[in-house]
Amino acid sequence: MAASLVFSAIKPQYYFSRKTDRSCPVLKHEQSSFIGETTSSRERCKNRGLIVTNIATKPPASSVVSPPKQEVDQNKGKLVAWKSVKQERWEGALDVQGQIPLWLNGTYLRNGPGLWNIGDYNFRHLFDGYATLVRLHFENGRLVMGHRQIESEAYKAAKKNNKLCYREFSEIPKPDNFLSYIGDLANLFSGASLTDNANTGVVKLADGRVVCLTETQKGSIIINPNTLDTLGKFEYSDNLGGLIHSAHPIVTDTEFLTLLPDLINPGYTVVRMEPGTNERKVIGRVNCRGGPSPGWVHSFPVTEHYVVVPEMPLRYCAQNLLKAEPTPLFKFQWYPESKGYMHIMCKASGKIVASVEVPLFVTFHFINAYEEKDEDGRVTAIIADCCEHNADTTILQNLCLQNLRSFSGQDVLPDARIPMDGSAYGSLEAALEPNEHGKGLDMCSINPYFLGKKYRYAYACGAQRPCNFPNTLTKIDLMEKKAKNWQDAGSIPSEPFFVPRPGATEEDDGVVISMISDKMGEGYALLLDGSTFEEIARAKFPYGLPYGLHGCWVPNT
Ligand SMILES: CC(=O)/C=C/C=C(C)/C=C/C1=C(C)CCCC1(C)C
Ligand SMILES: CC(/C=C/C=O)=C\C=C\C=O
Ligand SMILES: [Fe+2]
């Protein structure tokens with residue numbers, strides 16, 4: 001059993017003061033070739049439905065102690081996290097060590113970029129990879145795993161033509177000649193050449209549809225959570241247009257909220273979609289306060305009554321979009337002079353009730369947000385928690401595959417942000433001492449019942465230094481300002497996903513699911529107790545799987 005480690009975690013926070021608004025309620029395996037070419041159908045048949053036995057090897061002991069450099073070097077090249085998925089699909093029951101709680105009945109789905117090459121051509125960036133879905137189906141203490149590639153147009157075209165056909169995060173198809181270059185530019189403006197490679201996340205809508213998403217709107221793809229079949233595009237039936245959106249909508253039993261950045265008139269449209277429909281309706285619009293374009297908006301948080309619209313000084317950049325070769329910040333540009341802002345929009349009226357300047361910040365992921373109220377129930381502040389990267393844009397370069405694959409023992413992960421004071425502006429503060437979680441923090445989840453509400457626990461990936469990527473799992477207690485940490489030295493765990501126990505009354509009563517890409521080239525599903533953060537079960541995969549980004553829970557119906 002892997003020990004639960006106690007060091008701790010950081011969690012920067014934004015504080016906004018706002019005037020009370022009366023109109024609102026207070027309301028290749030490295031060498032592997034492109035999928036389908038190397039894996040023979042014989043091999044696939046052999047693996048399909050395979051019950052993996054004889055895996056009762058002793059789990060690697062966890063340790064708070066950093067692995068000595070030699071150990072890191074010895075295992076160099078075996079870590080499976082950044083290697084393309086071995087084959088297009090697999091499904092089978094897994095042998096479980098430990099006890100899966102009998103109440104855990106349903107399917108955990110995880111999406112992420114898992115295939116980074118077309119034949120001999122290797123992609124540059126983590127976010128370029130073709131989407132790999134992984135499914136962990138829990139039923140009566142048993143576990144069936146499956147993985148499969150999403151059949152996006154981008155993936156199918158790459159397979160058919162053996163070359164890149166759509167614009168990915170950093171990869172751009174090479175024009176054949178000058179005329180096709182002009183055509184490509186036209187296709188960029190119409191969106192025709194943008195990828196639909198839905199490799200960022202997966203959400204279960206309240207009407208039961210399961211949708212994989214990325215930052216391009218056309219990359220919204222409906223899948224079958226049982227078979228992982230690609231069922232077709234999720235077509236938005238409104239006329240809102242635009243080409244991009246936040247990769248992380250807020251999805252609840254009653255709504256789907258997202259942000260549409262406007263690159264022409266810098267700003268954001270906040271939209272809402274009702275379950276059972278494909279039509280987004282506008283809640284309101286925010287104009288940017290600084291810079292030539294909107295800030296990159298990968299995610300955003302909500303409170304009970306407000307949508308928090310972040311305006312990050314790392315902004316979309318039209319010039320970089322047009323460049324044939326990637327720039328250091330890809331499609332973005334850092335404009336520190338343009339400053340950073342947070343806008344607070346009332347969900348009911350669409351009115352902006354506060355718009356504050358905040359210290360420069362760089363974040364992919366907001367964790368949660370909530371309203372702070374005085375004795376009379378008036379909202380006095382909004383706390384928005386995020387995984388902040390010390391206002392350091394080099395995080396984008398760190399996520400280049402070459403950098404991820406070539407860890408030499410040197411620590412390059414940017415520290416999380418140093419606490420700062422507020423004054424007349426919103427402030428950015430560390431929510432707890434950063435060493436609690438090793439000064440790195442990303443890929444977070446919370447108990448979904450606490451979305452938008454004051455909450456105590458966040459689960460995330462933290463860091464055991466030295467490292468070049470988050471390599472621990474951490475449970476942050478925002479009240480005690482402490483963290484419990486779990487680590488399998490040399491391995492990379494994916495986002496710890498919290499599933500509450502039905503009927504639970506405590507916020508952390510549930511399990512945390514993660515998948516580990518281990519240093520020996522293997523991998524396993526891991527279950528931790530949401531309260532003690534101790535391991536309760538693990539199940540080894542037939543082979544290691546690449547790193548994956550975000551997931552969702554689909555309960556058995
Ligand atoms: C995997 C992940 O988290 C992010 C993926 C982001 C993507 C695919 C962004 C793609 C884009 C383009 C292809 C052109 C327009 C800008 C931008 C949205 C960055
Ligand atoms: C995995 C990641 C950042 C890790 C750095 O600490 C960001 C992923 C973003 C997309 O979902
Ligand atoms: Fe994300």
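Atoms within a ligand are numbered from 1 in the order they appear, just like the ligands themselves.
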### Pair Phe300 and Phe366, ring centroids less than 6.0 Å apart
no
### Task
For ligand 1, indicate whether the residue Leu549 contacts it via side chain, backbone, both or neither (heavy-atom separation under 4.0 Å).
side chain
### Aromatic ring proximity, centroids under 6.0 angstrom, Trp553 and Tyr108
no
### Message
With heavy-atom distances below 4.0 Å as the criterion, list the atoms of ligand 2 near Ile395.
### Response
5 (C), 6 (O)
### Query
For Tyr547 and ligand 2, does the shortest N/O to N/O distance drop below 3.5 Å?
no
### Message
Protein heavy atoms near atom 13 (C) of ligand 1, is at least one of them under 4.0 angstrom away?
### Response
yes
### Task
Would you confirm whether the ring centroid of Phe541 sits within less than 6.0 angstrom of the ring centroid of Tyr524?
no
### Task
Within a distance under 4.0 Å of any heavy atom of Asn199, pick out the atoms of ligand 1 and give their elements.
1 (C)
### Summary
Quick look: Leu321 vs ligand 1, heavy-atom contacts under 4.0 Å, and the answer is side chain
### Task
Could you grab the angle centred on the Fe ion (ligand 3), going from NE2 in His550 to NE2 in His365, to 10°?
100°
### Task
Identify, by atom number and element, the atoms of ligand 2 in contact range of Phe127, meaning under 4.0 Å from any of its heavy atoms.
8 (C), 9 (C), 10 (C)
### Query
Given the rule in the ring pair (Phe, Tyr, Trp, His ring centres under 6.0 Å) test, do Tyr130 and Trp116 qualify, once you have shown the distances and angles that lead to the verdict?
CA-CA 7 Å; Tyr130 292 113; Trp116 293 283; over 10 Å; no
### Query
What part of Leu441, side chain from CB on, backbone N/CA/C/O, both or neither, has a heavy atom under 4.0 Å from ligand 2?
neither
#### Entry: Protein contact to atom 8 (C) of ligand 1 [nearest heavy atom, distance to 0.1 Å]
Thr214 OG1, 3.5 Å
### Task
Just need the protein heavy atom nearest to atom 11 (C) of ligand 1, so name the residue and atom and give the distance.
Thr216 CG2, 4.5 Å
### Task
Kindly determine whether Tyr547 and Phe469 satisfy ring pair (Phe, Tyr, Trp, His ring centres under 6.0 Å), including the steps that lead there.
CA-CA 11 Å; Tyr547 182 71; Phe469 195 81; 4.9 Å; yes
### Query
Looking at Phe169, which atoms of ligand 1 are within less than 4.0 Å of one of its heavy atoms?
6 (C), 7 (C), 9 (C)
### Task
Would you check if the distance from the ring center of Tyr457 to the ring center of Tyr455 is below 6.0 Å?
no
### Task
Please determine if Asp229 and Arg148 form a salt bridge, counting it only when a charged side-chain N lies under 4.0 Å from a carboxylate O.
yes
### Message
Only heavy atoms of Ile244, strictly under 4.0 Å: list the atoms of ligand 1 that pass.
### Response
18 (C)
### Message
Under 4.0 Å from a heavy atom of His298: which atoms of ligand 1 are those, numbered in the order shown and with their elements?
### Response
3 (O)
### Query
Within 45° of the six-membered ring axis of Tyr121 and under 6.0 Å from that ring's centre, is NZ or CZ of Lys163 located there?
no
#### Entry: atom 2 (C) of ligand 1 [closest protein heavy-atom partner, distance rounded to 0.1 Å]
Thr200 OG1, 3.2 Å
### Task
Within a distance under 4.0 Å of any heavy atom of Arg167, pick out the atoms of ligand 1 and give their elements.
13 (C)
### Task
Tell me, please: is Gly440 in heavy-atom contact with ligand 2, that is, under 4.0 Å?
no
## Note on the structure
Scanning both residues in full, the closest heavy-atom pair of Arg209 with Asn278 reads NH1-OD1, 2.8 Å
### Message
Quick test: of every protein heavy atom, which one is nearest to atom 19 (C) of ligand 1, and how far off is it to 0.1 Å?
### Response
Phe332 CZ, 3.6 Å
## Note on the structure
On a heavy-atom basis, the closest approach of Thr363 and Met312 is N-SD, 3.3 Å
### Query
Is any N or O atom of Thr200, backbone or side chain, closer than 3.5 Å to an N or O atom of ligand 2?
no
### Message
For Phe330, state whether at least one heavy atom is located under 4.0 Å from any atom of ligand 1.
### Response
no
### Task
Please find out if less than 6.0 Å separates the ring center of Phe169 from that of Phe127.
yes
### Message
For His125 together with Phe330, are the ring centres under 6.0 Å from each other?
### Response
yes
### Query
Which ligand 2 atoms does His389 reach within 4.0 Å, using its non-hydrogen atoms?
5 (C), 6 (O)
### Task
Return yes or no for this condition: an N or O of His298 is under 3.5 Å from an N or O of ligand 2.
yes
### Query
Which atoms of ligand 2 sit under 4.0 Å from any heavy atom of His365?
8 (C), 9 (C), 10 (C), 11 (O)
### Task
Using distance alone, with no hydrogens and no angle criterion, decide if Ser293 and Tyr335 have a side-chain donor and acceptor under 3.5 Å apart.
no
### Task
Please confirm whether His550 and His365 have ring centers closer than 6.0 angstrom.
yes
